[in-house]
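All remarks here apply to the structure that follows.
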Amino acid sequence: MTGPARRKGLTPRSEDFSAWYNEAVQQAELADYSPVRGSMVIRPWGYGIWENMQRALDDMFKATGHSNAYFPLLIPMSFIEREKEHVEGFKPELAVVTHAGGKDLEEPYVIRPTSETIIYSMYAKWVQSYRDLPILLNQWANVMRWELRTRLFLRTAEFLWQEGHTAHATEAEADEEALRMLGVYRSFMEDWMGMPPLTGAKSESEKFAGAVRSYACEALMQDGRALQAGTSHMLGQNFARQFGLTFQSEQGREEYAWNTSWGVSTRLVGGLVMTHGDDVGVVVPPRLAPTQVIVVPIGRSDEQWAAVREAAERVVGGLGDAGVRVEADTRRHLSPGAKFFEWERKGVPVRVEIGPRDVARGEVVVVRRVTAPGEERKEGVGEGRAVAGMPARLEALQGRLLEAARARREAGTHRGEVSSIEELGALLDGGAGFVHSGWSGDPAVEERVKEATRATIRVIPGEEFRSAAAPERCVGGGKARMEVVWARAY
RNA sequence: CGGGGCGUGGCGCAGCCCGGUAGCGCGCCUGCUUUGGGAGCAGGAGGUCGCCGGUUCGAAUCCGGCCGCCCCGACCA
């Protein structure tokens with residue numbers, strides 16, 4: 001199995017999804033393992049995707065009134081320890097700096113696992129009056145959580161993310177903010193990633209350490225497991241109390257501010273791979289692809305090469321003018337086939353082949369990375385028409401990826417009464433990803449389900465995702481008080 | 001942290017049981033011929049066999065300890 005036959009492709013997803021994922025990520029050159037335990041190197045192709053994600057998200061944050069700022073990497077240990085649930089949640093995975101400048105530090109610093117504490121300590125300095133609120137900041141940063149078991153992009157010890165932190169005068173305003181950003185995440189995942197998530201609230205046991213309410217986007221991966229792709233928290237006044245974040249209200253009273261925090265990380269890149277990838281490799285949606293179109297000139301003799309190069313340059317120029325991110329692969333030591341495989345593994349949405357035959361006809365061959373049923377993969381198109389039609393072609397592909405992912409999510413979702421834990425387990429074993437059911441609200445039921453099936457409540461779905469007929473029975477027996485969605489999660 | 005697997009040129013592996021000249025494929029370099037789905041031939045470079053210690057005339061191989069990586073589980077907004 002290690003010979004040439006194996007080298008031609010990845011381990012099929014159906015055979016070993018985990019092996020497929022690792023191979024897909026590495027062969028697409030998204031990331032590589034590093035000498036540092038649990039920390040990966042994000043390579044240019046992977047980082048390019050992240051940069052495109054950042055740009056889109058950053059624009060959305062700005063459009064909703066937020067500004068960027070930057071806070072220190074190191075946080076005094078005492079800060080983390082101040083909020084009781086927060087410290088309990090994060091203590092086990094903290095990396096601590098105890099020694100610097102050649103001597104032991106008086107107070108250790110932790111490498112931020114998240115920045116609530118240091119940010120709200122600063123907000124406390126900046127806020128005196130209700131007129132200073134709201135504060136709407138975001139930071140792009142790296143954070144560190146010493147995870148016991150890591151996986152490329154999905155869970156690494158160090159990862160890149162953005163964390164939004166806001167302070168408001170009222171609870172209603174804070175909750176509105178938390179929900180607004182949940183909606184921003186959802187739009188981003190749908191419109192840019194083609195990864196339609198379920199959104200809703202977290203149960204008590206799954207919420208963020210220190211939050212009053214947590215909201216999340218949960219996406220269904222191709223292996224039927226859920227990926228928590230983004231979270232937004234209404235922190236109440238928990239941190240404000242610990243850090244003295246108070247303001248004088250319009251009525252002259254001293255009050256604690258209400259906070260929110262929200263974040264998405266490089267984990268999204270892993271989600272992208274597991275949403276759209278196939279047995280050939282990664283598939284990157286056009287809006288996020290660092291290169292949307294790869295032009296491959298094909299020629300034997302020097303004269304042929306000169307002719308196809310010229311045509312390739314014309315196409316690259318034309319596409320560039322049309323706002324398409326395009327590149328020509330002019331390496332002469334590689335055969336066309338080798339280049340085809342390489343770019344397919346990386347997931348470039350469209351390839352344009354230009355050989356002597358095409359030049360003679362004034363055509364190019366346009367090849368799609370993914371095809372709809374019944375659609376030709378390769379297509380000879382007049383050069384001018386190929387260039388002019390490319391933006392529309394890319395948008396169509398973007399839309400198709402979203403629809404395919406939505407269809408997979410729906411096919412992997414079970415709705416209807418689930419009246420026992422055994423039945424829930426059978427549904428999950430039978431291929432269901434998201435299983436809707438009723439729930440009494442009793443944490444003991446969650447615990448029992450987890451024991452028996454390894455599934456957890458991913459969300460208490462928002463209105464739009466609830467079933468037409470609300471479930472009446474709780475999976476643990478008795479009456480349901482709400483609808484929940486179960487899944488085995490990453 | 002529990003269980004399993006694995007550390008040998010850049011990558012993937014064989015050799016280890018049974019101690020004795022370190023091997024294969026891919027990749028890389030040079031030359032020539034090639035280029036429409038992973039090119040061919042010829043020549044070449046590249047390895048203190050994860051680390052430390054022990055046994056032995058002699059250790060990739062046997063013994064002890066340590067370190068690291070991957071997978072499953074536990075843990076993990």
Side-chain angles (χ1 to χ4, degrees), chain A residues 1-9 11 16-19 21-23 26-27 32-40 85-86 88-94 113-114 116 143 145-152 154-157 161 163 178 201-218 228-235 261-265 267 280 296-302 304-305 308 329-345 351 353-359 363-365 367 377-378 380 450-451 454 456 458-459 488-490:
Chain A
M1 220 57 72
T2 53
R6 180 61 148 205
R7 196 171 57 84
K8 295 250 182 206
T11 300
D16 184 345
F17 195 79
S18 192
Y21 176 80
N22 287 329
E23 291 168 21
Q26 284 182 89
Q27 291 196 25
D32 201 358
Y33 297 102
S34 82
V36 181
R37 197 205 75 100
S39 296
M40 65 175 177
E85 282 185 25
H86 194 62
E88 276 171 19
F90 283 106
K91 195 98 193 209
E93 45 192 79
L94 292 179
T114 179
E116 276 77 6
V143 289
R145 299 177 187 181
W146 209 255
E147 302 287 356
L148 294 174
R149 187 178 159 209
T150 58
R151 307 197 55 189
L152 295 171
L154 300 175
R155 179 170 289 104
T156 47
W161 77 342
E163 45 182 329
K202 285 290 185 184
S203 71
E204 198 59 23
S205 68
E206 293 277 328
K207 71 171 207 216
F208 176 69
V212 170
R213 267 190 296 286
S214 287
Y215 302 101
C217 292
E218 294 279 334
Q228 179 169 295
T231 49
S232 183
H233 313 289
M234 209 296 279
L235 301 172
S261 67
W262 27 276
V264 295
S265 71
R267 170 180 260 202
V280 173
V296 181
I298 300 161
R300 238 164 287 167
S301 62
D302 285 348
Q304 282 183 340
W305 185 251
V308 296
D329 188 344
T330 56
R331 292 173 293 180
R332 279 200 85 174
H333 66 281
L334 288 182
S335 70
K339 293 177 186 178
F340 298 166
F341 280 106
E342 181 176 324
W343 292 107
E344 281 170 10
R345 276 197 308 257
R351 175 172 78 241
E353 304 174 7
I354 307 179
R357 294 202 298 268
D358 307 306
V359 172
E363 286 192 353
V364 299
V365 176
V367 188
R377 205 168 73 92
K378 294 195 181 195
K450 193 172 178 182
E451 279 285 299
R454 288 180 305 141
T456 49
R458 299 324 299 160
V459 283
R488 291 173 179 146
Y490 272 94

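Numbered from 1 within each chain, the chains take letters A, B, ... in sequence-line order.
Rounded to an integer number of Å, the gap from CD of A:Q26 to P of B:G27 is 19 Å. At whole-Å resolution of the value, NZ in A:K91 and C1' in B:C76 are 17 Å apart. One interatomic measurement links the two molecules: CZ of A:F340 to P of B:G38, which rounds to 9 Å at whole-angstrom precision. One atom, CH2 of A:W305, and another, P of B:G36, lie 11 Å apart when rounded to the nearest Å.
In this structure, A:N22 reaches the B:C71 phosphate: one of its side-chain N or O atoms is under 4.0 Å from OP1 or OP2. For B:G73, the OP1/OP2 oxygens have no side-chain nitrogen or oxygen of A:K450 closer than 4.0 Å.
Across B:U35, B:C76, B:A74, the shortest atom-to-atom separation from the side chain of A:L148 is found for B:A74. Of the candidate nucleotides B:G38, B:G73, B:U35, B:G73 has the atom lying nearest to any side-chain atom of A:R454. When each of B:G38, B:C76, B:G37 is scored by its nearest atom to the side-chain atoms of A:E147, the top-ranked nucleotide is B:C76. Residue A:S18 has its side chain nearest to B:C71 when only B:C71, B:G38, B:C70 are considered. For A:E93, the listed nucleotide lying nearest its side chain is B:C76; candidates were B:C76, B:G36, B:C70. Nearest nucleotide to the side chain of A:T150, out of B:U34, B:C70, B:C71: B:C70. Side-chain atoms of A:E353 lie closest to B:G36 of the nucleotides B:G36, B:C70, B:C76. Closest to the side chain of A:R345, from the set B:G38, B:G68, B:C1, is B:G38.
Comparing A:K207 and A:Y33 by the nucleotide of RNA chain B that holds the closest heavy atom to each, the one mapping nearer the 5' end is A:Y33. If you find the closest nucleotide of RNA chain B to A:V359 and to A:A489, the one lying nearer the 5' end belongs to A:V359.
With both pairing distances under 3.5 Å, B:U55 is matched to nothing as a Watson-Crick or G-U wobble pair.
By the neighbour-count criterion of 12 heavy atoms within 6.0 Å, atom CD of A:E88 is densely surrounded, having more than that number from other residues, nucleotides or ligands.
Residues that satisfy the salt bridge (charged side-chain N to carboxylate O under 4.0 Å, His left out) test with A:R488, not counting sequence neighbours, are A:D429. Remark: A:F208 engages A:H86, A:F90, A:H233 in a ring pair (Phe, Tyr, Trp, His ring centres under 6.0 Å) (not counting sequence neighbours).
If you check every strand for non-hydrogen atoms under 4.0 Å, A:R155 touches a base. The residue A:E206 sits close only to the backbone: its heavy atoms come under 4.0 Å of sugar-phosphate atoms, none of a base. Counting any heavy atom pair closer than 4.0 Å across all strands shown, A:H333 reaches no nucleic acid atom. At the heavy-atom level, A:P356 lies under 4.0 Å from base atoms of the strands shown.
Using modelled atom types and a 3.5 Å distance limit, the side chains of A:R37 and A:S39 yield no donor-acceptor pair.
For the pair A:R351 and A:F340, the cation-pi test (distance below 6.0 Å, angle within 45°) is passed.
Taking only distance into account, the side chain of A:R351 meets the base of B:G37 through a donor-acceptor pair shorter than 3.5 Å. Put simply, the side chain of A:E344 and the base of B:G37 share a donor and an acceptor less than 3.5 Å apart. For B:G37, the base has a donor-acceptor partner in the side chain of A:K378 [N/O atoms by modelled type, under 3.5 angstrom].
Under the 4.5 Å side-chain criterion, counting only non-hydrogen atoms from C-beta, A:M40 is not in contact with A:T150.
Spacing between B:U61 and B:A22 at atom C1', rounded to whole Å, works out to 12 Å.
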